[in-house]
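To keep things clear, I will list the structure first and then write my remarks on it.
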Amino acid sequence: MNQDTRGRLTRDGIRIYDQADFAGMHKAGELAARILDEVADQIFVGQTTGAIDAFIERRVEEENAISATIGYKGYKHASCISVNHVVCHGIPGDKKLKDGDILNIDVTVIVDGWYGDTSRMYVAGKLARKSERLIQVTHDSLMKGIEAVRPGNTFGDIGHAIQSYVEAQRMSVVRDFCGHGLGRVFHAPPNVLHYGRPGTAAVLEEGMFFTIEPMVNLGRPETKVLSDDWTAVTRDKSLSAQFEHSVGVTADGCEIFTLSPGGRFHPTYQT
Ligand code: MF3
Ligand code: CO
Ligand code: CO
């Protein structure tokens, strides 16, 4: 039965999973992260985003897993690949990567009915200094958000940790997209905002599963969606970066389901 009927729902409609459910999430998250580790070798100047996506689709199949994105609301690809000023939901295609391009690759797989959702940043060729800073700040903002995950804290605490860190670096947090609950469905309550005030929104409880996936822009936070109905870009054309982990709340903090087996989650250019 591939739907969320396990455990119980909180007053805010957030599902509380059992201890045993963590194992399923770890298996799905690990596969998504392992595929992103392998993808690093596919990134080079002249490579097309379509070829990268084809590699991901093949690897998901070889592992007898299911791509959560193929067929999702009409989406046709095994990944979203968002280059430079694309904020998220970039559609893979025949565009070639150029020297200095930065890109987010977002993969969601289903293993035994459990969803593993993660994304990280890559670079083709030589990384510019301002891109490196953006990528570092975005990565670190996700980790600040994750540090705020523990029972008794609120979703506002997570958003505040991310927003205050990013804005202190004079960068901006995208408001138009958010993280989400997941488990045996792709997107479930709550909306995990990457901005907010301490102590606001729902209280975290052990057994909640959700993603944190901040998008950070060098310029202003506003986005627009292109006529393909998917590709979200920064309105001011400034560079954007994103990192995403799937996590589960434990008694005293959280477990990250999508840790990189190869230690390649942190900007790959430094590994
Ligand atoms: N993986 C994305 C997320 O983090 C969702 C992609 S949906 C798609 O929620 F259809 F665009 F692939
Ligand atoms: Co997600
Ligand atoms: Co994702």
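Each ligand, and each atom within it, is numbered from 1 in the order the structure gives.
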Which residue owns the protein heavy atom closest to atom 4 (O) of ligand 1, what's the atom, and how far is it? Glu213 OE1, 2.8 Å
Measure the OG1-CZ distance between Thr223 and Phe177 for me, rounded to the nearest 0.5 Å. 4.5 Å
So is there a nitrogen or oxygen of Tyr72 less than 3.5 Å from a nitrogen or oxygen in ligand 1? no
Just the protein N/O/S atoms under 2.8 Å from the Co ion (ligand 3), please, no waters. Asp106 OD1, Asp106 OD2, Asp117 OD1, Glu244 OE1
Examine His89 against ligand 1 and note whether any of their N/O atoms are separated by less than 3.5 Å. no
Looking only at protein heavy atoms, identify the closest one to atom 6 (C) of ligand 1 and say how far it is in Å. Cys80 SG, 3.9 Å
Going by the order shown, which atoms of ligand 1 are within less than 4.0 Å of some heavy atom of His180? 3 (C), 4 (O), 9 (O)
Going through the distances and angles, do His245 and Thr258 end up as a side chain to side chain donor-acceptor pair (under 3.5 Å)? CA-CA 6 Å; His245 269 317; Thr258 46; 2.7 Å; yes
Say you draw a straight line from CD of Gln47 to CD1 of Ile43; how long is it, rounded to the nearest 0.5 Å? 7.0 Å
Between Asp12 and Ile14, is there a donor-acceptor pair closer than 3.5 Å when you use the side chain of the first and the backbone of the second? no
Which protein heavy atom lies closest to atom 2 (C) of ligand 1, and at what distance to 0.1 Å? Asp106 OD2, 3.4 Å
Write down the atom of Tyr165, the atom of Val137, and the distance for their closest heavy-atom approach. CE2-O, 3.6 Å
Thr108: numbered ligand 1 atoms lying under 4.0 Å from its heavy atoms: 1 (N)
Given Asn217, Val87, Leu134, the one that forms side chain to side chain contact (heavy atoms under 4.5 Å, CB included) with Ser238: Asn217
Is ligand 1 under 4.0 Å from a heavy atom in the side chain of Asp117, in the backbone, in both, or in neither? side chain
Any salt bridge linking Arg58 with Glu61? Criterion: basic side-chain nitrogen under 4.0 Å from a carboxylate oxygen. no
Can you confirm if the aromatic rings of Phe265 and Phe243 lie within a centre distance of less than 6.0 Å? yes
Filtering His187, Gln242, Glu244 for the heavy atom nearest atom 9 (O) of ligand 1 leaves His187
Which distance, rounded to the nearest 0.5 Å, do you find between the OG1 of Thr138 and the CE of Met171? 7.0 Å
Using heavy atoms and a 4.0 Å limit, tell me yes or no: is Lys73 in contact with ligand 1? no
Just how far is it from atom CD1 of Ile158 to atom NZ of Lys144, taken to the nearest 0.5 Å? 15.0 Å
I need the nearest protein heavy-atom contact for atom 5 (C) of ligand 1: residue, atom name and distance, please. Phe186 CZ, 3.7 Å
Closer than 2.8 Å to the Co ion (ligand 2), do we get an N, O or S atom from His187, backbone or side chain? no
Quick one: look at His77 and ligand 1, take heavy-atom pairs under 4.0 Å, and tell me if it's side chain, backbone, both or neither. neither
Under 3.5 Å: N/O of Thr69 near N/O of ligand 1: no
What one should report as the nearest heavy-atom pair of Asp37 and Gly262 is OD2-N, 2.7 Å
Determine, step by step, whether His194 and Glu213 satisfy the side chain to side chain donor-acceptor pair (under 3.5 Å) criterion, reporting the C-alpha distance in whole Å, the side-chain angles of both residues, the deciding distance to 0.1 Å, and the verdict. CA-CA 8 Å; His194 305 112; Glu213 47 183 298; over 6 Å; no
CD of Glu205 to CD1 of Ile16: how many Å apart, nearest 0.5 Å? 4.5 Å
